[in-house]
Amino acid sequence: MSKIVGIDLGTTNSLVATVDSGIPYVIADADGRRLTPSVVHWAAADANPFVGNAANRVRVLKPAQTVYSVKRFIGRRGAEISDADKQVSYPVASGSHGEVVIPMFGKEFSAEDISAEVLKKLKRDAEVALGESVTRAVITVPAYFNDAQRQATKRAGELAGFTVERIINEPTAAALAYGLDKLKEKSKIAVYDLGGGTFDLSILELNEGVFQVLSTNGNTRLGGDDLDRVLVEFLWQRIASVSPKSEIRNPQSTARLREAAEVAKVKLSTETEIEVSLPFLTPEFSFSHRLTRAELESITGETILRTRPHCLRALADAKLDARDLDQVILVGGQTRMPLVRQLVSEWFGCAEFEEERGGIRLGEDYHKPSGPLLNTGQNPDEAVALGAAIQAEILSGGFKNVLLLDVTPLSLGIETFGGLMNVIIPRNSTIPVKAGEMFTTAMDHQRSMLIHVLQGERERAKDNWSLGRFTLEFESAPRGIPRVGVQFEIDANGILHVLARDTRTGKEMVVEMKSAVDVDDAAVTKMVEESVKHAFDDLATRRWVEAKLKADALLAATRKGVASSASELGAEYSTEIEVVLTLVEAALATENPATSSGDLKQLQAACAKLDEVTKPLADLLMDRAMEAMLRKRGAIS
């Protein structure tokens, strides 16, 4: 059986790794390079693409035909792409089904197509190095990738010729690479992962060899690319101050400036100042600027600070303080930046990293310092790929007594009557997980039920992500009679499967939530922030909707009872009921359509009064039902 390799499919660079004799290592290409730029270039419509370093070399010369940072588009809709994300040198558009496409040479390439070319390159490098066919892989994704993005990543792997054995979260893979399974029991670790295009902060706990993710938070559109972007804009401003000619700013010069900015950013992690030099940016103009580390930190500091709220939310979700952590590990090439390390150390109150212990705390006699250790003992560029290789070896049976348990970052549920979201799998549930509930109809003689699958933290369905819709048909029956079981299952890859079954007939449908065009890829950060910001308003909305549904049912039942018992009710009593019915209707009329809420106290008081007034009517209807039942039993006997 083919060897399983581990792959870090990154925004800026990608890597492939394996395990040999129990030691994980990153596989180098024919030139000895372990990092493969996630860049693809087409010279012509019918030509094979250049991939990796070969593509990166021509990126400056032909930027419009060179695709990079495509991970930011994978599994996303064209309509959802922000203006900032569109600031790339190649064309980005919406396909016929709403998905992101890159039009080039009369063709439309999907983000999966581009990623597949990078994966094919990694596959070839692995096969050359290992001397055998490689067809199985574990591929990593950011912890905050949604279902569509995970499915698209898996599809890219399949297009490249891999059987994708597992999709795992990048921070979880990094924990394996750092050898954290050697920590003492109940150790808690924070993984700060700032890569080229994404950021995650995950809190993990070790229990009997099991890594369990307690919480995760992050942003799929925040990373080193954003630092490059603000630095490029700063350099453009410097250029404009000495050469205000508008024709300088074109795709070729922008590509050259972006390359220079990235090189400068990397060098300033080890040097205090460097020369940014761009000779002959135009035939008449050359540019140079002495850039200092302090200047870079001033330019990019605000972007780095955007990672802090995610750290705080992950700690809050795990119900921990920073001092409860044993270690904070740094992952992603951007964490080489001194300012990143300084800020992370301050935010978590980190103690000095103990090099002689390799960052691993051994023995019960070790006294914990005031804060967690800042562990920089692994190459941040390679940690995720190495962890993926270790996970691959676990699946192959090579490593034992180590298990990864990830979590789902947002709640999953369905829309119920009244436009509310009914949560089936809560946020931060450990996966794989399976859960379900029983639902019924809200209207008489309903012949089908629309299952609208949602992901998010808001009370109203319309405020959450829509993952997809499908309809289950069943036999006509009075409301409340049909019973439809809805079951959610998230597999080990974090992919959601939804089953709906009519318990009366056994008819069922199973749907895999995988279509990129069915997913509203709003930022998870915004979702969580809005759920906190609108918590009280959302709770008021839920209470109102639930009270309104009860009031509507009470109105219908009362009117039906009055109509069927008109001859037995006195005129005075009927008028009394009608007056209270009017009070309930008046309370319902206080609803504000924009907020889906109204005067809850007024409605509750009116319903309570209607309950009180209709007690004689209820007794009459109960007596009539009992008499009918006894009559029926007498007829049977």
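Just the heavy atoms: all of them, side chains too, but no hydrogens, waters or symmetry mates, feed the values below. Source: prediction; values computed, not measured.
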Would Val40 and Phe50 count as a side-chain contact (heavy atoms from CB on, under 4.5 Å) here? Give the steps.
CA-CA 6 Å; Val40 180; Phe50 294 95; over 6 Å; no
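- Going from atom CH2 of Trp465 over to atom CD of Glu457 covers 10.0 Å, rounded to the nearest 0.5 Å.
- With hydrogens and angles left out, the side-chain atoms of Ser14 and Ser38 include a donor and acceptor closer than 3.5 Å.
- A donor and an acceptor atom, one from each side chain of Glu295 and His289, are located under 3.5 Å apart.
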Run the side-chain contact (heavy atoms from CB on, under 4.5 Å) check on Ile74 and Thr153 step by step: do they pass?
CA-CA 7 Å; Ile74 197 164; Thr153 302; 4.0 Å; yes
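- Considering only heavy atoms from C-beta on, Phe162 stays 4.5 Å or farther from Arg136 through its side chain.
- For Phe109 and Trp42, the distance between ring centers is under 6.0 angstrom.
- Looking only at distances, a side-chain donor or acceptor of Ser215 sits under 3.5 Å from a matching main-chain atom of Ala314.
- No salt bridge links Arg258 with Glu262; every basic N to acidic carboxylate O contact stays at or beyond 4.0 Å.
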Please walk me through it: do Arg313 and Asp317 pass salt bridge (Lys or Arg N to Asp or Glu O under 4.0 Å)?
CA-CA 6 Å; Arg313 279 193 286 271; Asp317 288 343; over 6 Å; no
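- Panel note: side chain His41, backbone Gln65; a donor-acceptor pair is recorded below 3.5 Å.
- Heavy atoms of other residues, nucleotides or ligands lying less than 6.0 angstrom from CD of Glu302 number 12 at most.
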Check step by step if side-chain contact (heavy atoms from CB on, under 4.5 Å) holds for Val16 and Thr36.
CA-CA 9 Å; Val16 58; Thr36 296; over 6 Å; no
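- Contact check on Arg293 versus Glu271 returns no salt bridge, with no Lys/Arg side-chain nitrogen under 4.0 Å from an Asp/Glu carboxylate oxygen.
- Counted by atom type alone, Asn146 and Arg76 present zero donor-acceptor pairs between their side chains at under 3.5 Å.
- Rounding to the nearest 0.5 angstrom, the gap separating the CG atom in Leu315 from the CG atom in Leu214 is 10.5 Å.
- Of all heavy-atom pairs between Ala174 and Val331, the closest is CB-CG2, 3.3 Å.
- The closest donor-acceptor contact from the side chain of Asp200 to the backbone of Gly218 lies at 3.5 Å or more, if one exists at all.
- Checked against the 6.0 Å centroid threshold, Tyr192 and Phe199 count as a close aromatic pair.
- Within the 4.5 Å cutoff, the side chain of Ile27 has heavy atoms near those of the Thr18 side chain.
- Side-chain contact check for Val67 versus Val39: every heavy-atom pair is 4.5 Å or farther apart.
- Between Leu204 atom CG and Gln327 atom CD the span is 11.5 Å, to the nearest 0.5 Å.
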Can you list, pair by pair, the side-chain donor-acceptor contacts under 3.5 Å of residues 333-341, counting residues two or more places apart and other chains?
| residue | atom | partner | partner atom | Å |
| --- | --- | --- | --- | --- |
| Gln334 | OE1 | Lys265 | NZ | 2.8 |
| Thr335 | OG1 | Gly332 | O | 2.6 |
| Arg336 | NE | Asp381 | OD2 | 3.1 |
| Arg336 | NH2 | Asn379 | OD1 | 2.8 |
| Arg336 | NH2 | Asp381 | OD2 | 2.7 |
| Arg341 | NE | Thr335 | O | 2.8 |

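- Taking every heavy atom of both residues into account, Pro63 and Ser89 meet most closely at O-OG, 2.9 Å.
- Within the cation-pi definition used here (under 6.0 Å to the ring centroid, within 45° of the axis), Arg59 qualifies as a partner of Tyr68.
- Within the 4.5 Å cutoff, the side chain of Cys311 has heavy atoms near those of the Phe348 side chain.
- In this structure, the side chain of Thr11 does not engage the main chain of Gly196 through any donor-acceptor pair within 3.5 Å.
- Note on Glu158 versus Arg155: no salt bridge recorded, every NZ/NE/NH1/NH2 to OD/OE distance being 4.0 Å or above.
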Between Glu117 and Lys120, is a salt bridge (Lys or Arg N to Asp or Glu O under 4.0 Å) present by the stated rule, with each step listed?
CA-CA 5 Å; Glu117 295 298 335; Lys120 286 177 187 177; 3.5 Å; yes
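- Here the closest heavy-atom approach between residue Val100 and residue Val92 is recorded as CG1-CG1, 3.9 Å.
- Judged by distance alone, with hydrogens and angles left aside, the side-chain atoms of Ser286 form a donor-acceptor pair with the main-chain N or O of Phe280 at under 3.5 Å.
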Determine, step by step, whether Val213 and Ile203 satisfy the side-chain contact (heavy atoms from CB on, under 4.5 Å) criterion, reporting the C-alpha distance in whole Å, the side-chain angles of both residues, the deciding distance to 0.1 Å, and the verdict.
CA-CA 6 Å; Val213 181; Ile203 310 292; over 6 Å; no
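- Within 6.0 Å of the NZ atom in Lys188, the count of heavy atoms belonging to other residues, nucleotides or ligands exceeds 12.
- A side chain to side chain donor-acceptor pair (under 3.5 Å) with Ser202 is found for exactly one of Asn217, Thr172, Thr216, namely Thr216.
- A salt bridge links Arg34 to Glu382: at least one charged side-chain nitrogen sits closer than 4.0 Å to a carboxylate oxygen.
- Taking the side chain as every heavy atom from C-beta outward, Leu257 and Leu278 approach each other to under 4.5 Å.
- For Asp228 against Ala261, the heavy-atom pair with the smallest separation is O-CB, 4.5 Å.
- At distances below 3.5 Å, not a single donor-acceptor pair connects side-chain atoms of Glu273 with backbone N or O atoms of Leu291.
- In this model, no donor atom of one side chain and acceptor atom of the other lie less than 3.5 Å apart for Thr303 and Asp226.
- Contact check for Leu201 versus Thr307: no side-chain heavy atoms found under the 4.5 Å cut-off.
- For the pair Ser253 and Leu281, the tightest heavy-atom approach, listed with the atom from each and the gap, is CB-CD1, 3.8 Å.
- Ser115 contributes atom OG, which lies 9.0 Å from atom NZ of Lys71 (distance to the nearest 0.5 angstrom).
- Annotation: side chain of Glu112 is in contact with side chain of Leu159 (closest heavy-atom distance under 4.5 Å).
- Side chain of Asn169 to main chain of Pro171: no donor-acceptor pair is present (N/O by atom type, distance under 3.5 Å, no hydrogens or angles).
- Atom CG of Asp8 and atom CG of Asn13 lie 9.0 Å apart (nearest 0.5 Å).
- Contact annotation: the side chain of Val328 never approaches that of Ile189 to less than 4.5 Å [non-hydrogen atoms, C-beta and beyond].
- A salt bridge does not link Asp225 to Arg229: none of the charged nitrogens lies less than 4.0 Å from a carboxylate oxygen.
- To the nearest 0.5 angstrom, Leu15 atom CG is 7.5 Å from Leu122 atom CG.
- In terms of heavy atoms, Ile304 sits closest to Trp347 at O-CH2, 3.8 Å.
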